[in-house]
Amino acid sequence: MRKAAVMIGFGAFFLTMALLMRFYAYPKLAVVPLNQNTQQTVADDNAKYFDADKVKAGSGKILTKATVVADKAASEKVSEELGRDVVVIDQWQSTDNFDDKGQVKAPPMSATTQRVAIDRSTGEAVKWDGNELNGKPVDIKGQTIKFPFQVNKDAKYEYWDTTLAKAIPVKFAGEDKINGMKTYKFTQSVPKTTFTKMDVPGEIFGLEKGKQTADRTYANERTLWVDPVTGVMMKLQEKQKQTLELEGQEPVNAMDTTSTMTPETVAKNVDEYKSKGSQLNILRNWAPLVLGLLGLLALVLGLIVSMRARGSVGAHAEERRDDYRDDYRDGNGNDNANMVFGDRRDDGVQY
């Protein structure tokens with residue numbers, strides 16, 4: 001019986017540990033860290049763009065750097081205010097081109113700042129008064145820096161486009177291997193849209209000198225390769241087209257680029273998150289499964305041992321009863337006259 005109790009105890013322990021790992025430890029670890037600090041680099045060696053310095057069409061390498069930093073103090077404060085677990089992210093992004101000597105030109109071609117609160121588990125922007133784009137309050141929506149942990153390829157996700165300040169749907173486009181790592185590929189199509197007006201020299205349209213107010217349009221075909229376990233983007237590519245347009249004139253190219261994360265950035269992402277994804281998979285799936293099976297096996301074996309022990313006790317008890325009958329009754333079923341403890345009177349009362 002003691003052996004059965006020990007086995008049942010181990011079974012209960014293993015099952016409890018399996019449940020704790022799956023429903024307590026995993027949710028605690030599958031969150032965006034409050035000390036998040038990363039930088040991603042996207043480049044195109046053969047971009048075509050309007051060179052504002054020379055006031056004419058230009059071409060060559062462009063480089064976009066995006067820095068993401070979590071504000072821990074703000075995250076804790078906003079989480080308490082909203083009653084949910086969020087992280088406040090500050091993001092800086094700038095695009096630069098290069099001069100003939102290979103040096104970065106100043107100022108940058110474009111620059112963007114963003115401050116947003118996102119859910120630490122889903123990676124989705126949450127409604128918060130502090131959400132800002134380029135210093136102005138904006139209702140940021142959708143996925144921003146990442147997708148949810150345990151990405152669902154059948155779910156309907158939207159990805160935030162900073163140029164249009166709008167969340168646009170993405171579509172699952174199959175699975176792909178990036179540096180040997182399984183990823184989900186999502187695509188996003190941003191139709192041609194006028195997103196701002198800007199003053200430009202009339203000469204760029206072949207007009208006389210003087211300021212002209214032109215429409216600036218933007219279109220993008222974006223591809224995202226996402227780790228299905230952590231939801232982090234391993235690779236990003238943008239086929240972006242921008243034009244300057246003035247009524248009655250031929251459009252002028254402002255930006256024509258296929259910009260892709262640099263191989264160094266992709267390799268760094270894969271190296272870091274492939275191991276993290278494996279650890280989370282073990283914690284969410286394999287460890288609970290193994291511990292659960294061990295727990296069930298120990299419980300079943302414990303019950304079997306317990307039932308066998310009870311059956312053995314019952315058999316011994318029956319043997320003892322049979323021995324009693326043999327010792328105290330004669331062959332005809334009558335009381336045995338040779339009693340060990342005392343004699344029996346005629347009225348059958350023992351004394």
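Each residue takes its place number in the sequence, starting with 1. Just so it is clear, the values below take in all heavy atoms, side chains as well, and ignore hydrogens, waters and symmetry mates. Keep in mind that what you see is a predicted model, and the values were worked out from it rather than measured.
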I need the minimum non-hydrogen distance between [X] and [Y], along with the two atoms involved.
X      : Y      : value
Trp160 : Gln114 : NE1-OE1, 2.9 Å
Tyr49  : Ser59  : OH-O, 3.5 Å
Ser275 : Asp271 : OG-O, 3.7 Å
Pro251 : Thr243 : CB-CB, 4.5 Å
Gly292 : Ala18  : N-CB, 3.8 Å
Lys146 : Gly231 : CB-O, 3.5 Å

Should we count [atom1] of [X] as having more than 12 external heavy atoms under 6.0 Å?
X      : atom1 : value
Phe10  : CZ    : no
Trp92  : CH2   : yes
Lys141 : NZ    : no

Could you tell me whether a side-chain N or O of [X] sits under 3.5 Å from a main-chain N or O of [Y], the two making a donor and an acceptor?
X      : Y      : value
Lys192 : Lys241 : no
Asn134 : Thr113 : yes
Thr223 : Thr187 : no
Thr163 : Asp161 : no
Gln143 : Thr122 : yes
Asp44  : Ser259 : no
Tyr157 : Asn152 : yes
Gln188 : Ile168 : yes
Thr41  : Lys65  : no

When clusters are formed by joining ILVMFWY residues with side-chain heavy atoms under 4.5 Å apart, either directly or through shared neighbours, do [X] and [Y] land in the same one?
X      : Y      : answer
Val151 : Val170 : yes
Phe13  : Val6   : yes
Val116 : Val86  : no
Phe50  : Leu207 : yes
Val270 : Met233 : yes

Test: salt bridge (charged side-chain N to carboxylate O under 4.0 Å, His left out). Region: residues 126-136. Which pairs qualify, not counting sequence neighbours?
Lys127-Asp139
Using the six-membered ring wherever Trp is involved, compare the ring planes of Phe186 and Phe147 and label them parallel, tilted or perpendicular (cut-offs 30° and 60°).
parallel
Given the options Ile62, Asn253, Thr257, Lys48 meets side chain to side chain contact (heavy atoms under 4.5 Å, CB included) only with Asn253
Show your reasoning for whether side-chain contact (heavy atoms from CB on, under 4.5 Å) applies to Asp154 and Phe172.
CA-CA 7 Å; Asp154 297 320; Phe172 177 72; 5.8 Å; no
Step by step, work out the side-chain contact (heavy atoms from CB on, under 4.5 Å) result for Thr183 and Val226.
CA-CA 5 Å; Thr183 64; Val226 180; 5.9 Å; no
Starting at [atom1] of [X], measure out to [atom2] of [Y] and round the result to the nearest 0.5 Å.
X      : Y      : atom1 : atom2 : result
Arg216 : Glu245 : CZ    : CD    : 11.5 Å
Asp90  : Thr67  : CG    : OG1   : 11.0 Å
Gln91  : Thr38  : CD    : OG1   : 8.5 Å
Ile89  : Ile145 : CD1   : CD1   : 4.0 Å
Met234 : Thr265 : CE    : OG1   : 11.5 Å
Leu63  : Asp45  : CG    : CG    : 9.0 Å

Under 4.0 Å between a Lys/Arg side-chain N and an Asp/Glu carboxylate O for Lys276 and Glu272?
yes
Is any side-chain N of the basic residue among Asp51 and Lys56 closer than 4.0 Å to the acidic one's carboxylate O?
no
Before you tell me yes or no, could you show the steps for Asp71 and Arg115 under side-chain contact (heavy atoms from CB on, under 4.5 Å), namely the whole-Å CA-CA distance, both residues' side-chain angles and the distance that decides it to 0.1 Å?
CA-CA 10 Å; Asp71 186 333; Arg115 185 171 174 84; 3.4 Å; yes
Show the numbers, then the answer: is there a side-chain contact (heavy atoms from CB on, under 4.5 Å) between Phe149 and Arg284?
CA-CA 11 Å; Phe149 288 87; Arg284 182 178 185 269; over 6 Å; no
So, do [X] and [Y] sit near enough that their side-chain heavy atoms are less than 4.5 Å apart?
X      : Y      : result
Met198 : Leu244 : yes
Leu297 : Phe14  : no
Val87  : Gln36  : no
Ser75  : Val88  : yes

Could you check whether Asp215 and Thr194, counting side-chain N and O atoms only, form a donor-acceptor pair closer than 3.5 Å?
no
Donor-acceptor pairs are to be reported for all side-chain atoms of residues 20-35 against protein atoms at under 3.5 Å, with residues two or more places apart or in another chain.
| unit_1 | atom_1 | unit_2 | atom_2 | d |
| --- | --- | --- | --- | --- |
| Tyr26 | OH | Gln150 | NE2 | 3.0 |

Quick one: side chain to side chain donor-acceptor pair (under 3.5 Å) pairs with a partner in residues 167-178, sequence neighbours left out?
Asp176-Trp225
